[in-house]
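Letters A, B, ... are given to chains in the order of the sequence lines, protein chains preceding strands, and every chain is numbered from 1.
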Amino acid sequence: MIKTRFAPSPTGYLHVGSLRTALYCYLFAKKNKGKFILRIEDTDQERFVEGAVENLLSTLSWVGLNYDEGLMEDGKEVGENGPYIQSKRKNIHLENAQKLIDSGHAYRCFCSKERLTKMREIQAKNKQAPMYDRKCLDLPESEINAKLSSGEPYVIRQRMPYDSIRFKDIIRGNMQFDGKTIDDQILVKSDGFPTYHLANVVDDHLMEITHVIRGEEWLPSTPKHIALYQAFGWDVPEFAHLPLLLNPDKTKLSKRQGHVAVEEYIKEGYLKEAVINFVAFLGWNPGSGEQREIFTLKELEKIFELKKVHKSGAVFNIEKLDWFNWQWHKKKFNEEMTVLAKELDKNVEITNRGFDFSNQEAEEAFLLKKGKKLKKYAAGFIPKEYENTPELLTRALSMLDEKILKNKKETAKNLAFFFNYPEYSKELLTNKKMKVDLNQAYISLSESLKDIKKIEDWTLQNLKESLFETVKRLDVKNGQVFWPLRAALSGMQFSPGVFETAWALGKEESLSRIAQALKKLQ
RNA sequence: GGCGCCAUCGUCUAUCGGCUAGGACGCUGCCCUCUCACGGCGGAAAGAGGGGUUCGAUUCCCCUUGGCGCUACCA
């Protein structure tokens with residue numbers, strides 16, 4: 001049975017790079033009908049951050065990466081190989097460290113940090129690789145006991161075998177490291193806690209992890225881990241080292257160059273589907289000429305292959321994330337709107353341009369419901385004062401679906417003109433390209449005003465009919481009527497279309513704005 | 001400095017030795033159109049360099065160059 005694990009350390013938040021690691025671990029396990037487990041690696045007491053574990057778990061659950069074993073959100077642990085919080089496994093680690101001392105694969109080191117620093121300085125000066133000089137390797141038993149009983153602090157170091165170590169990485173193929181260049185790793189710190197290296201190996205073994213999938217930054221320490229497995233006499237798991245996620249300048253993705261915490265993206269309103277989809281494609285691709293890019297988690301579970309993960313790092317390109325987000329927003333919203341439209345009108349026709357309703361009532365009801373839905377989507381980006389006229393707000397929002405779905409942060413900006421008629425010069429009502437001069441604008445506005453005044457039922461349909469009638473009567477091009485009218489209604493160079501704008505504003509306000517525009521032209 | 005990893009458009013990538021090097025993001029032209037947007041159709045844009053192997057290399061090997069990672073009593 002294949003078993004993978006995601007083993008984050010709770011240092012504050014879930015990093016997007018970690019999210020991808022977790023995703024790949026999850027996908028690989030799912031694809032192979034294996035198990036995915038979560039272990040908290042909190043052996044570094046100095047870096048402990050309050051609330052970090054909770055944060056990690058809730059973020060993981062937000063994206064939907066469920067695990068079969070590990071610490072659950074309610075604080076309970078699930079699985080037979082617990083505890084899944086590393087600090088609770090301290091004794092297990094220490095027992096195993098002792099075994100290593102007994103078998104000669106590890107030794108106590110009493111060197112002070114000062115001595116070690118000095119030693120490294122000298123080595124650096126001599127252009128040597130900084131490595132522990134094994135001063136404490138062959139300390140006589142009597143001396144060790146004396147130091148121990150006098151309470152001198154010590155660490156436990158792994159005695160590296162100095163043989164060259166080879167292994168096969170699933171992603172990178174054959175790896176080889178010269179054993180002589182590998183430092184005697186500290187296994188247990190002087191505070192009595194194990195380091196990552198010991199704890200990770202012991203726990204992975206005890207938890208029966210078959211595939212260690214982790215970031216490339218661990219590649220150089222993999223030989224140390226393999227040496228440990230061998231020292232213990234344990235089976236060595238398979239390794240897969242994932243390429244790094246990069247900043248635009250190609251350095252390891254960091255906080256300094258943009259958002260790196262998954263929760264930031266949640267806060268910004270990114271959809272989990274988009275985040276997962278985007279992150280899955282950073283460093284992996286279904287290959288075989290597949291050109292589709294939009295995939296659900298479920299679909300990814302079926303097609304994911306570790307062997308197709310790349311070797312080189314991938315730049316985290318926020319613009320592409322935005323595109324994925326937009327695709328997903330659109331997809332989900334359209335699905336919801338289709339359901340809604342069918343509910344309201346059994347005979348609605350779905351065209352690639354939108355919905356054709358069989359009756360006006362259905363369309364009007366649809367628009368209002370759509371507006372309300374969008375209000376929820378853009379929650380937090382709508383100024384409070386707009387809530388004072390909720391009907392206007394709903395109608396206005398219903399016309400801004402694409403803009404809101406694309407970037408809800410600009411909702412207030414897009415909404416403003418509906419609520420406050422902007423100041424503008426009469427030139428806005430003209431358009432050279434469309435052959436609308438001041439005179440034409442005056443004619444178009446006064447004639448269309450005359451027509452729409454007669455509309456009793458202020459519906460989108462009626463507005464369209466009425467205004468096309470105006471165009472026909474004046475015998476001009478659509479734009480010659482619609483441009484000045486849209487400009488007059490919105491007071492803006494860019495806005496939703498005429499019909500939509502007029503409909504949203506309502507009859508009274510529309511007539512008033514047209515009248516005000518006409519005044520400018522007199 | 002030492003050790004290691006990596007190398008196709010600006011970015012994410014396809015290619016299992018035959019390539020007029022494909023797609024996506026971004027950029028851009030045109031069309032649609034009452035503006036913006038959406039949508040549709042195009043365009044510019046890539047195999048780091050040098051050696052091999054081969055009838056033929058982006059693809060396999062070597063070197064160079066470049067980039068990155070690790071080099072803590074952090075993970």
Side-chain angles (χ1 to χ4, degrees), chain A residues 7-9 11 41-44 46-47 109 111 113 116-117 120 123-131 153-157 169 172 175-178 180-183 185-193 195-197 199-200 214-223 241 243-244 246 248-252 278 281-293 310-324 330 352-354 400-403 405-406 414 431 433-434 436 467 471 477-487 490 492-499 501:
Chain A
S9 23
T11 51
E41 305 218 328
D42 58 344
T43 55
D44 186 3
E46 282 174 30
R47 291 217 298 177
C109 168
C111 293
K113 288 184 188 177
L116 295 174
T117 311
R120 288 194 197 102
Q123 287 168 333
K125 208 189 276 174
N126 296 336
K127 305 216 164 182
Q128 287 173 307
M131 265 179 90
Y154 66 92
V155 300
I156 298 176
R157 282 183 188 272
D169 186 278
R172 287 152 211 281
M175 295 291 128
Q176 186 176 18
F177 289 82
D178 180 357
K180 287 189 282 297
T181 64
I182 304 172
D183 202 2
Q185 192 62 48
I186 290 179
L187 263 19
V188 177
K189 298 175 261 188
S190 56
D191 66 358
F193 276 89
T195 58
Y196 170 88
H197 305 281
N200 190 263
R214 67 209 330 187
E216 188 189 330
E217 66 268 31
W218 292 108
L219 198 49
S221 43
T222 303
H241 288 94
L244 258 19
L246 272 22
D249 69 359
K250 304 248 187 187
T251 53
K252 193 170 153 185
F278 170 61
F281 274 75
L282 283 177
W284 171 83
N285 182 287
S288 313
E290 173 63 78
Q291 303 210 322
R292 198 156 68 98
E293 290 192 281
H310 302 142
K311 295 175 186 164
S312 55
V315 172
F316 188 90
N317 181 200
I318 200 96
E319 283 172 337
K320 187 100 188 208
L321 205 212
D322 287 339
W323 177 80
F324 271 110
K330 207 163 55 167
N352 46 4
R353 249 5 277 125
L400 292 170
D401 47 354
E402 263 158 12
K403 311 250 184 209
L405 259 25
K406 192 134 197 184
N414 289 320
N431 188 312
K433 204 177 143 199
M434 263 173 273
V436 181
L467 288 170
V471 170
K477 293 200 164 182
N478 292 350
Q480 289 175 291
V481 171
F482 296 163
W483 171 273
L485 190 56
R486 192 193 56 73
S490 66
M492 305 279 289
Q493 195 179 0
F494 311 130
S495 77
V498 234
F499 315 123
T501 304

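- At a threshold of 4.0 angstrom between heavy atoms, the contacts of A/Gln493 include nucleobase atoms, whether or not backbone atoms are also involved.
- A salt bridge between A/Glu293 and A/Lys320 is present, with a side-chain N of the basic residue lying under 4.0 Å from a carboxylate O of the acidic one.
- B/G26 and B/G40: their P atoms are spaced 13 Å apart (whole Å).
- Under the salt bridge (charged side-chain N to carboxylate O under 4.0 Å, His left out) criterion, A/Arg47 pairs with A/Asp44, sequence neighbours left out.
- Separating the C1' atom of B/U71 from that of B/U64 is a span of 25 Å, rounded to the nearest Å.
- Using a 4.0 Å heavy-atom criterion, one finds that A/Ser490 contacts no nucleic acid atom at all.
- Using a 4.0 Å heavy-atom criterion, one finds that A/His241 contacts no nucleic acid atom at all.
- Under the 3.5 Å distance criterion, the side-chain polar atoms of A/Asp178 are matched with a main-chain donor or acceptor of A/Lys180.
- As judged by a 4.0 angstrom heavy-atom cut-off over every strand, A/Val498 is placed among the base-contacting residues.
- Here A/Phe499 lies in heavy-atom contact (under 4.0 Å) with a base.
- Comparing B/C32 with B/U15, their P atoms sit 39 Å apart, to the nearest whole Å.
- Counting any heavy atom pair closer than 4.0 Å across all strands shown, A/Glu41 reaches sugar-phosphate atoms only and no base atom.
- In this structure, A/Gly497 reaches the bases: a heavy-atom distance under 4.0 Å links it to at least one base atom across the strands shown.
- Taking the C1' atom of each, B/G10 and B/C34 are spaced 37 Å apart, rounded to whole Å.
- Within the 4.5 Å cutoff, the side chain of A/Arg172 has heavy atoms near those of the A/Pro243 side chain.
- Using cut-offs of 30° and 60° on the angle between ring planes, the pair A/Phe499 and A/Phe482 is perpendicular.
- Where RNA chain B meets chain A (any atom under 4.0 Å from a heavy atom), the bounding nucleotides read 5' to 3' are B/G1 to B/A75.
- B/G22 and B/U58 have their P atoms separated by 15 Å, given to the nearest Å.
- Classification of the A/Phe281-A/Phe324 ring pair by plane angle, with boundaries at 30° and 60°, yields tilted.
- Here A/Pro496 lies in heavy-atom contact (under 4.0 Å) with a base.
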